[in-house]
A.B. asks: 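Mind looking over this structure? Questions follow.
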There are 2 protein chains.
Amino acid sequence: MEAGTKAALERKCPIETVIHVLGGKWKPTILWLLLDSTKRFSELEKLIPEVTQKMLAQHLRELESDQLVTRTVYPSVPPKVEYSLSDYGKTLVPVMEIMCKWGETHQRPGLRQPVL
Amino acid sequence: MEAGTKAALERKCPIETVIHVLGGKWKPTILWLLLDSTKRFSELEKLIPEVTQKMLAQHLRELESDQLVTRTVYPSVPPKVEYSLSDYGKTLVPVMEIMCKWGETHQRPGLRQPVL
DNA sequence: TAGGGTACTTACTTGAAAGTAAGCTTTGAG
DNA sequence: CTCAAAGCTTACTTTCAAGTAAGTACCCTA
């Protein structure tokens, strides 16, 4: 660990942890959809038409490695893979809800807008 | 507005709005410090030694244009500029608190860690 | 007249995230 | 024998946030 890193860790705002796990371009949307119900890869593709297979796969892998999402493979042909919000992922739900609420209320013209 | 954008806007998760305003590398830290009290540019520099003047200025300008932060210039020599959390910025406090809490609880080894 | 303090800005470079396009695997159906 | 379906992976390119380093403006003090 290099000099300064420990101090940085101590001062580092825990908010960044949340931003880190939710911070991928499509992650909030994916989690939001999974909150509703378990979904297959192809269902997510259809529900988020702008996302590429690469990004969807990558974000799902990251959410899985963060343990927010559970991946279940059914060894059938053609393959079937289901993604669902884990119990751990569900601990994020109140956080997402309050973020959502603020976002809805305060998303308005005149402020800098996120890039679509 | 190009094709698809409207649909994207409608489906777009409001969580992204929050991530957008808090999403700069130093923004959560800056807001956290301003929540405590009004601070000068040079004070923020000292409190966040890793940030460069460029990034601090840029983030402060963005927070100001998002109306979360108020910038007050005192026309003295040498110049004095104070930054404080606006009333609007204060509406974000409960959101930041719950994010912080989740971050503190769930920041742990074994998960993908944010880049320092 | 030279230097110092405060609060920046500008030009350039680096690196990570995201996008594009194509390929792979397995097996049953035509 | 070939194709389609599902769920990816790989190689390459583009975009954009962040970092580096230097410069600017102002007036005061020594």
Side-chain angles (χ1 to χ4, degrees), chain A residues 2 4-5 8 12 16 19-30 33-34 38-66 69-84 112-116, chain B residues 2 4-5 8 12 16 19-30 33-34 38-66 69-84 112-116:
Chain A
E2 54 180 307
T5 304
K12 195 172 73 66
E16 287 168 31
I19 292 182
H20 181 71
V21 297
L22 293 183
K25 179 157 174 188
W26 306 102
K27 286 184 189 176
T29 307
I30 292 169
L33 291 168
L34 293 184
T38 292
K39 299 225 170 358
R40 302 181 60 172
F41 189 90
S42 52
E43 291 182 278
L44 290 170
E45 270 191 275
K46 273 164 215 151
L47 290 165
I48 319 173
E50 306 95 316
V51 82
T52 59
Q53 289 186 320
K54 180 205 155 188
M55 286 314 297
L56 183 55
Q58 184 180 311
H59 280 167
L60 285 168
R61 263 180 278 124
E62 288 176 4
L63 290 169
E64 195 196 356
S65 96
D66 281 333
V69 158
T70 307
R71 181 174 183 266
T72 314
V73 183
Y74 298 91
S76 56
V77 171
K80 176 174 172 176
V81 181
E82 282 189 346
Y83 294 92
S84 55
R112 293 187 318 118
Q113 286 301 310
V115 195
L116 302 172
Chain B
E2 54 180 307
T5 304
K12 194 171 75 65
E16 286 168 32
I19 291 183
H20 182 70
V21 297
L22 294 182
K25 180 158 175 189
W26 307 101
K27 286 185 188 176
T29 308
I30 292 169
L33 291 169
L34 292 185
T38 291
K39 300 226 169 358
R40 301 181 59 173
F41 189 90
S42 54
E43 292 182 277
L44 290 169
E45 270 191 275
K46 272 164 215 151
L47 289 165
I48 319 173
E50 306 95 318
V51 83
T52 60
Q53 289 187 321
K54 179 205 154 188
M55 287 313 298
L56 184 54
Q58 182 180 311
H59 281 168
L60 286 169
R61 264 181 278 124
E62 288 176 3
L63 290 169
E64 195 196 356
S65 95
D66 281 333
V69 159
T70 307
R71 180 173 183 267
T72 314
V73 183
Y74 297 92
S76 56
V77 171
K80 176 174 171 174
V81 181
E82 282 189 346
Y83 294 92
S84 56
R112 293 185 319 118
Q113 284 303 308
V115 195
L116 302 173

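Numbers restart at 1 for each chain; the letters A, B, ... are given by sequence-line order, proteins then strands. Because only heavy atoms are used, hydrogens play no part in the values below, and waters and symmetry mates are left out as well, while side chains stay in.
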A.B. asks: Select from A:His59 and B:Pro78 the residue whose nearest nucleotide in DNA chain C is closer to the 5' end of that strand.
C.D. replies: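 Its nucleotide being nearer the 5' end, the pick is B:Pro78.
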A.B. asks: Would you tell me if any nitrogen or oxygen in the side chain of B:Arg71 comes within less than 4.0 Å of OP1 or OP2 on C:dA7?
C.D. replies: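 Looking at the OP1 and OP2 atoms of C:dA7, neither is under 4.0 Å from any side-chain N or O of B:Arg71.
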A.B. asks: Does B:Arg40 place a side-chain N or O at less than 4.0 Å from the phosphate oxygens OP1/OP2 of C:dA7?
C.D. replies: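 It does, given that an N or O in the side chain of B:Arg40 lies less than 4.0 Å from OP1 or OP2 of C:dA7.
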A.B. asks: Think B:Trp26 has a side-chain N or O under 4.0 angstrom from the OP1 or OP2 of D:dG19?
C.D. replies: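 Yes, B:Trp26 has a side-chain N/O under 4.0 Å of OP1/OP2 on D:dG19.
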A.B. asks: Would you mind reading off the distance between A:Ile19 atom CD1 and D:dA17 atom P, rounded to a whole angstrom?
C.D. replies: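 Going from A:Ile19 (CD1) to D:dA17 (P), I get 14 Å.
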A.B. asks: May I ask you to verify if any side-chain N or O of B:Lys54 is less than 4.0 angstrom from the OP1 or OP2 atom of D:dA17?
C.D. replies: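 So the side-chain polar atoms of B:Lys54 never come under 4.0 Å of the phosphate oxygens OP1 or OP2 of D:dA17.
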A.B. asks: Are the side chains of A:Glu45 and A:Leu56 in contact, using a 4.5 Å heavy-atom criterion?
C.D. replies: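 SC-SC contact between A:Leu56 and A:Glu45 confirmed.
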A.B. asks: Hey, does A:Trp26 have a side-chain heavy atom less than 4.5 Å from the side chain of A:Ile48?
C.D. replies: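 A side-chain contact exists here, since the closest heavy-atom pair is under 4.5 Å.
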A.B. asks: Distance alone, cut at 3.5 Å: any donor-acceptor contact between the side chains of A:Glu16 and B:Thr29?
C.D. replies: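 B:Thr29 and A:Glu16 do have a side-chain donor-acceptor pair below 3.5 Å.
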A.B. asks: NA contact type, B:Thr52, heavy-atom cut-off 4.0 Å: base, sugar-phosphate, or nothing?
C.D. replies: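 If one applies the 4.0 Å heavy-atom cut-off, B:Thr52 turns out to touch a base.
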A.B. asks: What integer distance in Å separates A:Glu64:CD from D:dG7:P?
C.D. replies: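 Atom CD in A:Glu64 sits about 14 Å away from atom P in D:dG7.
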A.B. asks: Quick one: label A:Tyr83 by what it contacts on the DNA or RNA (base, sugar-phosphate, nothing), any heavy atom closer than 4.0 Å.
C.D. replies: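 Here A:Tyr83 touches the backbone only, sparing every base.
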A.B. asks: Atom NZ of A:Lys80 to atom P of C:dT27: distance rounded to whole Å?
C.D. replies: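 From A:Lys80 NZ to C:dT27 P: 18 Å.
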A.B. asks: Nearest whole Å is fine: how far is D:dA18 P from A:Glu16 CD?
C.D. replies: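 Atom-to-atom, A:Glu16 to D:dA18, this comes out as 11 Å.
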A.B. asks: May I ask you to check if A:Lys39 and A:Tyr83 form a cation-pi contact, with NZ or CZ under 6.0 angstrom from the six-membered ring centre and within 45° of the axis?
C.D. replies: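 Here A:Lys39 fails the 6.0 Å and 45° test against A:Tyr83.
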A.B. asks: Hey, which sits more toward the 5' end of DNA chain D by its nearest nucleotide, A:Leu60 or A:Val77?
C.D. replies: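 The 5'-side residue here is A:Val77.
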A.B. asks: Does OP1 or OP2 of D:dA6 have a side-chain N or O of A:Ser42 closer than 4.0 Å?
C.D. replies: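 A:Ser42 to D:dA6 OP1/OP2: no side-chain N or O under 4.0 Å.
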A.B. asks: Rounded to the nearest Å, what distance is computed from the CD atom of residue B:Glu62 to the P atom of nucleotide C:dT9?
C.D. replies: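 After rounding, the gap between these two atoms is 12 Å.
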